[in-house]
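Side chains included, hydrogens not; waters and symmetry mates left out as well; all remaining heavy atoms used. Residue numbers start at 1 and run along the sequence shown. Counting convention: from 1, in listed order, for ligands and their atoms alike.
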Amino acid sequence: MTDERTTNGRTKILYEDDAYVSSFKATVLEIVTEGDKKAAVLDVTAFFPEGGGQGADTGFIGDAKVTDVQRVNGEILHYFKGNLEAGSVYECRLDFEKRYDRMQNHTGEHIICGLINKEYGLDNVGFHLSDDVITVDLNGYLEYDELLKIETRANELIAKGAKVNILYPSKEELKGLNYRSKIEDLENVRLVEIEGIDLCACCAPHLDNIANVQMVKILSSMSHRGGVRFTMIAGKRAVDDYALLHNKAMEIVKLTSLPKEKMDEGVVKFKEDIEKYRTQINELKETITAINMVSLKERIAGNPDAGIIVYPAKSLDEIQKRTLINEGVLKFEGIIMVVDDVDEGNASFIAGRRADASGLSLKDFKEKLMSEFGAKGGGSDVMIQGRIQIDKEIKDRLCAL
Ligand SMILES: [Zn+2]
């Protein structure tokens, strides 16, 4: 209990000696109140307080839920929801699945950054371990391909395995050591050694052997403040991610009927095809509009004094209908209504007139459509649009308008 390296304030820290402690007995020494928040100081703990880019452990002290753990004024405070009493002994348990995931990812990051440091002399100057990915900032630029080579090397080392040791060298010993993340204060420096691979100052819990990292995967990289920011995952996260992506990828392989090595080419071809078809569809639409325009103009020429021309047409979109009406009304005093040519069911329509046309107002026509044909819709003085429920009788009456 007097060893400063493994205590913090009044609390002995269990993960310093064994990062795999997931449950333990502890006495509550004091309950600290901060506004409406309560925190317990324990005689021993395996809960990691937030620090160095890694979040706090969560879990339970007795039945009380531990929501956050922080180092405050030299003490480790376990913020909790529920009831705890000072002086009582409780069974404590960590959310160890979350902790183990973080240990896998954190240890994976040590391997990657250790190799980058050895190979390129770059340092990790920013680190954040979220519940999704690890984000690392390097103080120099690396191409994505170079990061992928490091990833390959790291996975080879993981497959072989290497012990992870926690060291507390003296000030004198430290001076002769080459390690990453050097800090000014040489008191109680905690080094994480991956035998033969890396030596780095770090306060967090790690795995005992890199074989348990399972695998690492670099996900992305981008230029950042003169260096590079990359994201990575390790452990079960990476294994799960591989399974997810593989299953998704196989769907693409099936769709493209190409070997998986070429599925990206298949997707590119799909995209090119879509662009080609889109162009063809637009050309066809223009042709269909032009054919309908000829037909509509013949209707107008055959009955130039009509108050209303109802023009049923198949497969016209809104733009085509508007184009027909806009051109049709140029030399026509009445209203033109273009409606989907269906015998039964819901049809959409657009109707319009010239603003200075002498015939029936669009407002009156809209009311007629609503009251006599049950149409629904709205619009302006020159263009209205809506829907109408068509059957044989309604279609005949509409066409007779
Ligand atoms: Zn670490």
**the Zn ion (ligand 1) contact by His110, N, O or S atom under 2.8 Å** = yes
**Prompt:** Using the ring of each side chain (for Trp, its six-membered ring), is His106 parallel, tilted or perpendicular to Phe127, with breaks at 30° and 60°?
**Reply:** tilted
**Request:** Determine which pairs satisfy salt bridge (Lys or Arg N to Asp or Glu O under 4.0 Å) with at least one residue from residues 280-293, sequence neighbours left out, and list them in order.
**Result:** Lys285-Asp317
**Asked** So is Arg397 actually on top of Phe373's ring, under 6.0 Å and inside 45° of the axis?
**Response** yes
**Prompt:** the Zn ion (ligand 1) to Cys200: any N/O/S contact under 2.8 Å?
**Reply:** no
**Message:** Can you check the angle at the Zn ion (ligand 1) formed by NE2 of His206 and NE2 of His106? Round it to the nearest 10°.
**Reply:** 120°
**Message:** Tell me which one of Lys65, Lys98, Arg99 satisfies side-chain hydrogen bond (donor to acceptor under 3.5 Å, both in side chains) with Thr58.
**Reply:** Lys98
